[in-house]
Every structure is written in structure tokens, then in C-alpha cells.
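Have a look at the structure below, then the notes.
Chain A is the first sequence line, chain B the second, and so forth, proteins listed ahead of strands; every chain is numbered from 1.
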There are 2 protein chains.
Amino acid sequence: MGSSTENFIQILKNAGVKPSIQRIKIYDFLWNNRTHPTIDSIFQVLVNEIPTLSKTTVYNTMKLFMEHQLVRMVTIDESEVRFDVVTQFHGHFKCEVCGKLMDVEIENPVLVNQAKLDFEVSEAHYYLKGICNECNNN
Amino acid sequence: MGSSTENFIQILKNAGVKPSIQRIKIYDFLWNNRTHPTIDSIFQVLVNEIPTLSKTTVYNTMKLFMEHQLVRMVTIDESEVRFDVVTQFHGHFKCEVCGKLMDVEIENPVLVNQAKLDFEVSEAHYYLKGICNECNNN
DNA sequence: TTACATATTTGTAATTATTATAAATTTGCA
DNA sequence: TGCAAATTTATAATAATTACAAATATGTAA
Ligand SMILES: [Mn+2]
Ligand SMILES: [Mn+2]
Ligand SMILES: [Zn+2]
Ligand SMILES: [Zn+2]
């Protein structure tokens with residue numbers, strides 16, 4: 001019950017999400033583990049703290065968090081949905097060797113020509129694939 | 001057996017892919033239908049031309065095409081993998097109302113700071129979500 | 001052309017992530 | 001405390017993808 005828990009409760013409340021124990025712990029985990037975890041990795045870690053935790057709850061909670069803009073979904077490879085507690089625009093890099101998914105700072109890309117007139121944009125995503133330095137030096 | 005078929009055969013050969021009937025028809029379809037189709041929509045159309053076509057073949061072929069850089073995978077929503085015969089860098093816009101997936105012209109975004117030094121980049125993807133003009137005017 | 005090895009396609013079964021559903025539990029309030 | 005609503009849970013259903021082995025097609029040597 002440290003003060004950080006109070007902070008997380010407040011963040012959830014501000015977003016219009018009722019702070020259940022499961023929701024607080026999941027948000028806590030996302031906040032402190034900026035690895036863009038999957039549903040399953042969230043579940044595997046938190047089931048230790050909440051032995052009754054159900055994977056369905058993790059699915060439900062992530063859906064709820066997305067609806068309230070508390071997280072963003074990152075889909076780079078099919079078959080691997082990840083989540084990001086950082087909702088401001090930023091890019092990602094996925095290493096095709098070790099699988100790590102890292103944040104990348106980029107200039108916000110510029111639409112050319114008429115594109116910006118034809119759509120009402122609500123979300124922008126940018127990502128790269130390749131090989132990270134660690135994997136390249138081995 | 002029009003001359004365009006010959007062209008497709010040549011494209012496949014140049015990429016190192018043996019041109020079977022199924023592969024030619026699938027590439028033909030992708031070339032002439034720039035809607036970023038799914039596995040299933042490719043199958044549903046082509047099974048009319050090739051009644052014995054198997055969906056497994058479509059999966060196998062798209063995997064092969066990707067390995068030979070003949071197509072790119074576009075994963076915007078989880079649960080919907082699409083394919084793009086245009087392999088040069090360009091952006092996409094997905095309308096969250098009608099589901100259409102359109103090409104968007106953008107400047108190739110610029111990595112900031114050290115990012116470009118830390119990775120060997122092989123692919124870049126940029127996409128937007130929102131509402132298209134047609135859907136907004138209804 | 002025929003025979004045969006290799007490559008490709010096909011149909012089916014297995015796997016796996018996600019969603020649907022309904023019962024159980026928890027929560028907030030009268 | 002008692003009760004209605006919200007949340008969580010366990011289980012079953014759904015659906016996309018992959019694995020696999022048999023069937024078919026292709027290319028080449030004799
Ligand atoms: Mn991120
Ligand atoms: Mn495209
Ligand atoms: Zn790596
Ligand atoms: Zn639309």
C-alpha cells in the first residue's frame with residue numbers, strides 16, 4: 001500500500017476506470033515494466049501476486065484500458081499483441097533476432113499532399129524491424 | 001495467357017520463386033487489386049478460377065512471397081493480417097468505420113539522436129487510424 | 001516417350017490466441 | 001446486515017494459423 005499505489009488508483013479514476021485490485025496491479029506492472037508485455041507475460045507475472053487471477057481478466061482489463069486511453073496496443077508481428085503504457089506518439093524498433101521491442105524517438109512524420117485533408121486521424125503508429133546492436137555484435 | 005501473365009512469371013523468376021499456376025494467379029490478383037487483401041479474401045476470389053485451390057496454398061505462397069520480398073505484410077489490427085504488393089516504403093490509413101485500408105503518402109520519418117546508430121533497420125512501417133472522408137460525410 | 005526424383009499442392013488434424021458465456025465473488029450502498 | 005450491480009473467474013466456443021502426410025504436378029535422364 002505504498003504511495004505509488006495511491007497514484008495508480010488516481011490515474012485509473014481520472015481515466016474513468018474503477019480501480020479494482022486486479023486493475024491496479026496490472027497498471028502498476030505496466031507502469032514499472034516498459035517492455036511492451038503481452039497478455040500472457042502480464043498474466044504469468046501477476047498470477048504470482050494474485051493466485052486467483054484469470055487470463056480473461058487480463059484480456060478484459062487491457063480492453064478497458066485501451067477504451068480509456070490508458071494504454072496503446074502495439075501490433076508489429078501478427079501473433080504477438082503487445083501493450084504500451086506510454087500513450088504519447090513514439091516509434092518502436094523490433095529486433096528480429098532477440099525479439100526485443102524498444103522505443104525509438106522519431107520526428108512526427110509529415111503527411112504529404114492531400115492526405116491530411118482526406119482523413120480524420122485519431123492514432124499514428126511507426127515502427128521499424130531489423131537487428132539490434134547487441135545481436136549484431138555476437 | 002496474355003502478355004501480363006508473362007510479366008508476372010518474369011517477376012516471380014527474378015525474385016527466385018518458381019512460377020506455379022497458383023503462384024502466378026495469386027501474384028496477378030495482388031498486382032491488380034491494391035486493396036491490401038487478407039488471406040481469406042485472396043482465397044475466396046481465386047477459388048473460383050482454381051476450384052481445387054487450398055487455403056493452405058495461399059498461406060504457403062504469401063509466406064514464400066514475403067521471404068522473397070515480393071509482398072509486405074500489413075498488420076494494423078490484430079486479427080487482420082493483410083498483404084501489400086507495393087514493397088516500397090509508404091504509409092497506410094485504416095478507417096475505423098468502414099474498415100478500408102488506404103495508401104498514404106508521407107515523408108520517410110527521421111530517426112532522432114542515437115537511434116539510427118543502435119539498430120540495423122531492414123523495414124519501416126507507418127500507419128494511421130481514424131475516420132475517412134466518406135464515413136465522416138454520412 | 002517413359003521412369004523417376006523432386007517440388008508443389010491439397011485435405012485434414014492439431015495448435016493456439018481470443019472471445020463468449022454464465023456462475024461465483026466482490027463491492028458499494030441502503 | 002442485506003441486496004443489487006459490478007467484476008472476476010472458469011469453462012466452452014470460435015477462428016486463424018500451422019503441422020503433417022498423402023496426392024499431384026513438374027522436370028530431367030535414359
Ligand atoms: Mn513504446
Ligand atoms: Mn499499401
Ligand atoms: Zn536483438
Ligand atoms: Zn470509412
- request: Evaluate the side-chain proximity of Tyr27(B) to Val17(B): yes if any heavy-atom separation is below 4.5 Å, no if none is.
  value: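 Side chain of Val17(B) against side chain of Tyr27(B), heavy atoms only: no contact under 4.5 Å found.
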
task: For residues Leu30(B) and Phe65(B), determine if any side-chain heavy atom of one lies less than 4.5 Å from a side-chain heavy atom of the other.
output: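 Yes - at least one pair of side-chain heavy atoms lies under 4.5 Å apart.
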
message: Without decimals, in angstroms, what is the distance between Lys25(B) NZ and dT9(C) P?
response: 14 Å

field: Nearest-Å distance for atom pair CD/C1', residues Glu78(B) and dT16(C)
entry: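 Going from CD in Glu78(B) over to C1' in dT16(C) covers 15 Å.
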
task: Report the residues that fulfil side-chain hydrogen bond (donor to acceptor under 3.5 Å, both in side chains) with Asp84(A), sequence neighbours left out, ordered by chain and then residue number.
output: His36(A), His90(A), His92(A)

field: Transitive ILVMFWY side-chain link Trp31(A) to Ile24(A), under 4.5 Å
entry: yes

Could you pull out every donor-acceptor pair under 3.5 Å between side chains of residues 43-56 of chain B and any protein atom, sequence neighbours left out?
from, atom 1, to, atom 2, distance (Å)
Asn48(B), ND2, Gln44(B), O, 3.4
Asn48(B), ND2, Val45(B), O, 3.3
Glu49(B), OE1, Lys25(B), NZ, 2.9
Ser54(B), OG, Thr56(B), N, 3.1
Lys55(B), NZ, Asp40(B), OD1, 2.5

task: Could you list by number each residue of residues 26-44 of chain B showing a heavy-atom separation from DNA chain C of less than 4.0 Å, or answer none if no residue does?
output: none

- prompt: When clusters are formed from ILVMFWY side-chain contacts under 4.5 Å, directly or step by step, what else is grouped with Val74(A)?
  reply: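 Besides Val74(A), the cluster holds Ile76(A), Leu101(A), Tyr127(A), Val74(B), Ile76(B), Leu101(B), Tyr127(B).
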
statement: Using a 4.5 Å side-chain heavy-atom cut-off and chaining through intermediate ILVMFWY residues, the residues clustered with Ile131(A) come out as Val97(A)

Pairs: protein N or O with nucleotides 4-8 of chain C N or O, under 3.5 Å:
from, atom 1, to, atom 2, distance (Å)
dT8(C), OP1, Arg23(B), NH1, 3.1

With [X] via side-chain contact (heavy atoms from CB on, under 4.5 Å) - residues at least two apart:
{"X": "Lys13(B)", "result": "Ile9(B), Gln10(B), Pro19(B)"}
{"X": "Glu78(A)", "result": "Met73(B), Thr75(B), Val81(B)"}
{"X": "Ser41(B)", "result": "Pro37(B), Thr38(B)"}

- prompt: So with a 6.0 Å cut-off around CD of Glu134(B), is the heavy-atom count from everything else above 12?
  reply: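 For Glu134(B), atom CD is not crowded (no more than 12 foreign heavy atoms under 6.0 Å).
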
query: Are side-chain N/O atoms of Asn133(A) and Asn137(A) paired as donor and acceptor at under 3.5 Å?
result: no

task: Tell me, please, which residues at least two apart from Arg23(B) pass salt bridge (Lys or Arg N to Asp or Glu O under 4.0 Å).
output: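 Once residues adjacent in sequence are excluded, Arg23(B) has no partner under the salt bridge (Lys or Arg N to Asp or Glu O under 4.0 Å) criterion.
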
message: Can you give me the first and the last nucleotide of DNA chain D (5' to 3') that has an atom within less than 4.0 angstrom of a non-hydrogen atom in chain B?
response: dA16(D) to dA19(D)

message: Please list, in numerical order, the residues of residues 48-73 of chain B that have a heavy atom closer than 4.0 Å to any atom of DNA chain D.
response: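 Correct list: Thr56(B), Tyr59(B).
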
